[in-house]
Each structure stands twice: as C-alpha cells, then as structure tokens.
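Contents: one structure, followed by commentary.
Quick note: residue numbers are just sequence positions, from 1. Model, not experiment: these values are computed from the prediction.
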Amino acid sequence: MLKQYLEIGQIVSTHGIKGEVRVNPWCDTPEFMKKFKTLYFDANGNKAVKITACRPHGNVVIIKLDGIDTVEDAQKLRNKTLYMNRDDAKLKKGDWFIQDLIGCTVYDADEKTKTYGTLTDVAETGANDIWFIENNGKEYIIPAIKDVVINVDVENESVFIRPLKGIFDEEVNGDKDED
C-alpha cells in the first residue's frame, strides 16, 4: 500500500533572524518544494504547517513556516523531517516517488513469472537514474531507461524490465548455465 505522506526533506539549520529554515530537499530538485503550501511534521499528516515563503538557494531550500518568527523558534526545528501529502504533488506520466519504488519486486517483462529480485535503492546520476536490485545476497545495477524499464506498477509493487545483456548472470531464479 502506498504511503499517503512521504518524506520530502530535513530542516538542517536556520537562515537569518526572522524564523526561516534551511531544508535539505529529498526530491529531484529544490524547485519541487515550491509547489507546496502545506507540509507536515509527521508521517500521518496530523501536524500540518503552512508555508508562507519558499525559495531554492543552491542545493537547499529556504522556507518560512507560519508561526515560526524568530531564529530561536527556527532553531527548535533543526533535524526535523518534513513530509508532503502525495495528493498535493503532480507527477508526470512515467515519474514515480523513489519511496514507492523501493521494495518492488522486479520481473522479466517477457517472462512475467521470472523474478530478478527486489528493488532496494535508486541513485541519480544526471543522465538517468540507476536502480539497485538485490537477489539472494547479490546486488545488480540496471539503468532506469525506457529500453530497460518496460512497466512500473507501484500500486502492486511490481516493476517489469528487459535487462541489458550481461547485467544478470544465469544464477537468477536458480538457473545455471552448465557450459
């Protein structure tokens, strides 16, 4: 089941004397955080906080939160994780939240019963993301490109791929090549 509230960043320090905070964004770009009017201090959406100002500043985001008006108030928020409501985010077709991908079972797109393992991590490289797949203690890396990633169904925790030749050895699913 998909989580309704997702981690979006962490407050790392204060900024100035009027209660602004510096946030390390856990999203593709700092600009993504500008889309939100409300964030949350908990994973259940019970502790909402309004954003009154938000601007990217290098690789961090400077945010002014409603009711936080002094540097002392802002300092109390240091190291707090901020959450977003997934309903407030608009993703383009073919985009997913990394948190939704982690834990998905990776299947062969052609042989739907053949599994390659579990998606355990995603790394952003600039050109394309790379996905880490674990199977029986071994780690495999695939490029997250349209020729490899054929279908993603995060609601059913499934990813279907056509791996490039040589990424997986014949030991996946217990098949061994006896040359």
Side-chain angles (χ1 to χ4, degrees), residues 1-106 118-133 142-146 149-161:
M1 186 164 133
L2 300 177
K3 295 190 296 187
Q4 187 65 36
Y5 296 90
L6 304 171
E7 297 171 349
I8 194 168
Q10 181 180 37
I11 298 172
V12 293
S13 65
T14 62
H15 184 83
I17 60 170
K18 296 186 179 181
E20 291 180 311
V21 293
R22 295 170 66 88
V23 176
N24 178 21
W26 296 339
C27 42
D28 288 346
T29 66
E31 286 79 21
F32 183 76
M33 290 188 76
K34 288 173 47 177
K35 299 178 180 182
F36 299 92
K37 293 180 177 22
T38 304
L39 292 177
Y40 303 85
F41 284 120
D42 68 310
N44 298 316
N46 294 324
K47 298 178 185 173
V49 60
K50 298 279 184 214
I51 297 173
T52 59
C54 179
R55 67 185 184 281
H57 185 73
N59 62 347
V60 298
V61 180
I62 308 299
I63 295 180
K64 176 70 173 87
L65 301 171
D66 187 41
I68 306 299
D69 298 315
T70 67
V71 68
E72 292 81 14
D73 291 340
Q75 182 63 31
K76 293 175 187 173
L77 300 176
R78 188 179 186 139
N79 296 322
K80 293 246 187 225
T81 299
L82 292 169
Y83 296 82
M84 53 160 265
N85 184 336
R86 79 167 49 248
D87 293 340
D88 294 340
K90 306 297 181 241
L91 295 181
K92 294 184 292 187
K93 184 174 172 58
D95 285 348
W96 309 278
F97 293 113
I98 291 174
Q99 293 177 55
D100 293 340
L101 293 171
I102 304 292
C104 284
T105 301
V106 181
T118 303
L119 200 149
T120 58
D121 200 4
V122 174
E124 299 173 56
T125 65
N128 57 267
D129 291 351
I130 56 173
W131 293 358
F132 296 83
I133 299 167
I142 65 166
I145 58 177
K146 64 182 177 179
V149 178
I150 306 305
N151 187 29
V152 174
D153 182 358
V154 292
E155 288 84 9
N156 291 303
E157 299 179 353
S158 302
V159 172
F160 297 89
I161 67 169

task: Can you run down the salt bridge (charged side-chain N to carboxylate O under 4.0 Å, His left out) pairs that involve residues 50-61, sequence neighbours left out, and say none if there aren't any?
output: Glu20-Arg55
task: Scan residues 27-55 for pairs that pass ring-ring contact (aromatic ring centres under 6.0 Å, His included), counting only residues two or more places apart or in two chains.
output: Tyr5-Tyr40, Phe32-Phe36
task: Please identify each residue that fulfils side-chain hydrogen bond (donor to acceptor under 3.5 Å, both in side chains) with Asp153, with sequence neighbours left out.
output: Asn156
From Ile102 atom CD1 to Thr120 atom OG1, the distance as rounded to the nearest 0.5 Å: 6.5 Å
Salt bridge (charged side-chain N to carboxylate O under 4.0 Å, His left out) contacts touching residues 75-92 (sequence neighbours left out): Arg86-Asp100
message: What's the separation between atom CD1 in Ile11 and atom CG in Asn24, rounded to the nearest 0.5 Å?
response: 11.5 Å
- line: Taken in chain and number order and not counting sequence neighbours, the residues that satisfy side chain to side chain contact (heavy atoms under 4.5 Å, CB included) with Ile150 are Ala109, Arg162
- request: Among residues two or more places apart or on two chains, list those pairs meeting ring-ring contact (aromatic ring centres under 6.0 Å, His included) that have a residue in residues 44-99.
  value: His15-His57
- prompt: Mind checking what makes side chain to side chain contact (heavy atoms under 4.5 Å, CB included) contact with Thr70, not counting sequence neighbours?
  reply: Glu72, Asp73
query: Tell me, which pairs form a salt bridge (charged side-chain N to carboxylate O under 4.0 Å, His left out) where one or both residues lie in residues 31-49, sequence neighbours left out?
result: none
query: Quick check: does any side chain N or O of Glu7 sit under 3.5 Å from a backbone N or O of Thr81, one acting as donor and the other as acceptor?
result: no
Table please: side-chain donor-acceptor pairs of residues 58-69 below 3.5 Å, with sequence neighbours left out.
from	atom 1	to	atom 2	distance (Å)
Lys64	NZ	Ile68	O	2.3
Lys64	NZ	Asp69	OD1	2.9

